[in-house]
Amino acid sequence: MATTLSGTSGALYYKPAGTDSTFKAANVTNADNTIVVGSFLNFKVNDKVSFGTGTGGTLPGGLSASTPVFVRTYVAATGLATFAATAGGAQLTLSSDGTDGTTPFTIKFSEFEAVGAIREWSFEITRDEIDVTTIGQSLGQLAPFKTYITGFADGEGSATIYTTDDDTTIASRLVEDVIQRVQTGVQFKLYIDRVVSSGTVDDTASRSITLEAVLTSASFTVNPDDAQSIEVAFRPSAVPTFDLSKS
């Protein structure tokens, strides 16, 4: 007999806004170990990021597409960043500027982070209805029915987040990202049934919905009777991935 899932089976994981960008070899200065990754993005100190080579290119010496590193410094106004091999570690040495390929290098937030202060999340997918009813149908005793076909899909979701006095959490960052101008990089992983093995989420045994998104609003609730909460609304910006099988 199947086990009915409860709300405690679910979870929400997040990648922040403004943490997905591109750059070229000309943006790298290996003499001072800096890279201009893009201005007015949203990289924070100790963000774990991964680099990509681009088609036919070679990453700056000291970086590898298979080894994530950590943001050590980032200046939003100039886009200038330095990196470390470990969180809070020494500045990573870049031995070359790299070589460009036919597409730029990429830098992205490396891993989803669990948002632990979530009260609930919801996500709805809808389809347009296109009326293709024809005139001149044969009449009978019953009224003819209209005919429809499905059109474009759309979606919307929300997450209710409890407010705490710790402004360094990923939950606080999610709320602040609503007014982030550059939202490239926002991704949600909405677990319907999260299975954890040895302290790590086992995605082969879990059920989830993964989507790139835009954040559209934040609604604050403060009253003397309840914990303070914020409802953040979002919409998918690409086709979501539904992983609803345990395999």
Side-chain angles (χ1 to χ4, degrees), residues 1-20 108-109 112-115 117-162 170-171 173-195 201-223 226 229-247:
M1 181 178 179
T3 300
T4 301
L5 297 175
S6 73
T8 59
S9 302
L12 184 147
Y13 283 58
Y14 179 65
K15 289 184 180 181
T19 58
D20 186 335
K108 299 181 179 182
F109 199 84
F112 283 102
E113 290 191 15
V115 183
I118 287 291
R119 165 64 183 174
E120 63 182 1
W121 63 260
S122 64
F123 184 60
E124 179 183 17
I125 292 291
T126 58
R127 293 286 299 273
D128 288 340
E129 299 175 351
I130 301 174
D131 188 340
V132 292
T133 306
T134 59
I135 61 174
Q137 299 180 47
S138 298
L139 300 179
Q141 182 174 350
L142 302 178
F145 273 72
K146 288 187 174 182
T147 304
Y148 295 91
I149 61 174
T150 54
F152 286 105
D154 197 3
E156 59 181 354
S158 67
T160 301
I161 304 165
Y162 284 130
I170 193 70
R173 191 165 177 181
L174 168 54
V175 174
E176 293 169 354
D177 282 355
V178 172
I179 58 171
Q180 176 69 24
R181 180 176 62 84
V182 179
Q183 290 201 350
T184 307
V186 169
Q187 290 189 53
F188 287 95
K189 194 154 193 174
L190 308 173
Y191 282 98
I192 299 164
D193 182 14
R194 181 186 60 173
V195 177
V201 177
D202 183 355
D203 278 328
T204 62
S206 302
R207 295 183 177 95
S208 64
I209 305 168
T210 305
L211 63 143
E212 298 176 16
V214 292
L215 307 174
T216 57
S217 68
S219 177
F220 293 74
T221 300
V222 179
N223 65 61
D226 302 301
S229 63
I230 305 168
E231 182 175 334
V232 174
F234 55 88
R235 301 187 75 93
S237 57
V239 178
T241 300
F242 292 85
D243 183 5
L244 303 181
S245 63
K246 290 193 171 188
S247 62

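Excluded from the calculations below are hydrogen atoms, water molecules and symmetry mates; all remaining heavy atoms, backbone and side chain alike, are included.
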Exercise: identify the closest heavy-atom pair between [X] and [Y]:
X	Y	result
Phe234	Thr216	N-OG1, 3.8 Å
Arg207	Ser245	CG-N, 4.4 Å
Gly155	Pro236	O-CD, 3.2 Å
Asp177	Ala17	OD2-N, 2.9 Å
Pro240	Ile125	CG-CD1, 4.3 Å
Phe188	Phe112	C-CE2, 3.7 Å

Practice task
Could you please spell out the steps behind the side-chain contact (heavy atoms from CB on, under 4.5 Å) verdict for Leu244 and Ile192?
Solution key: CA-CA 8 Å; Leu244 303 181; Ile192 299 164; 3.6 Å; yes

From [X] [atom1] over to [Y] [atom2], what is the distance, rounded to the nearest 0.5 angstrom?
X	Y	atom1	atom2	answer
Thr241	Ile209	OG1	CD1	10.0 Å
Phe123	Arg235	CZ	CZ	9.5 Å
Tyr162	Asp226	OH	CG	8.0 Å
Thr126	Asp154	OG1	CG	5.0 Å
Leu190	Asp243	CG	CG	12.5 Å
Tyr14	Ile170	OH	CD1	7.0 Å

Handout entry: Residue list, salt bridge (charged side-chain N to carboxylate O under 4.0 Å, His left out) with Arg194, at least two apart or on another chain
Key = none

Practice task
With the side chain counted from C-beta on, respond yes when Leu174 and Ile230 share a heavy-atom pair under 4.5 Å apart, and no when they do not.
Solution key: no

Practice task
Applying side-chain contact (heavy atoms from CB on, under 4.5 Å), run through Leu12 and Ile161 and close with a yes or a no.
Solution key: CA-CA 11 Å; Leu12 184 147; Ile161 304 165; over 6 Å; no

Practice task
Kindly indicate, with the supporting measurements, whether the criterion side-chain contact (heavy atoms from CB on, under 4.5 Å) is fulfilled by Ser206 and Thr204.
Solution key: CA-CA 6 Å; Ser206 302; Thr204 62; over 6 Å; no

Practice task
For Tyr191 and Asp203, test the side chains for any donor-to-acceptor distance below 3.5 angstrom and give the result as yes or no.
Solution key: yes

Exercise for the section: If a pair satisfies salt bridge (Lys or Arg N to Asp or Glu O under 4.0 Å) and one of its residues is in residues 123-143, list it, with sequence neighbours excluded. Expected result: Asp131-Lys146

Handout entry: Candidate pair Lys246 and Val195, rule side-chain contact (heavy atoms from CB on, under 4.5 Å), full reasoning
Key = CA-CA 10 Å; Lys246 290 193 171 188; Val195 177; 4.1 Å; yes

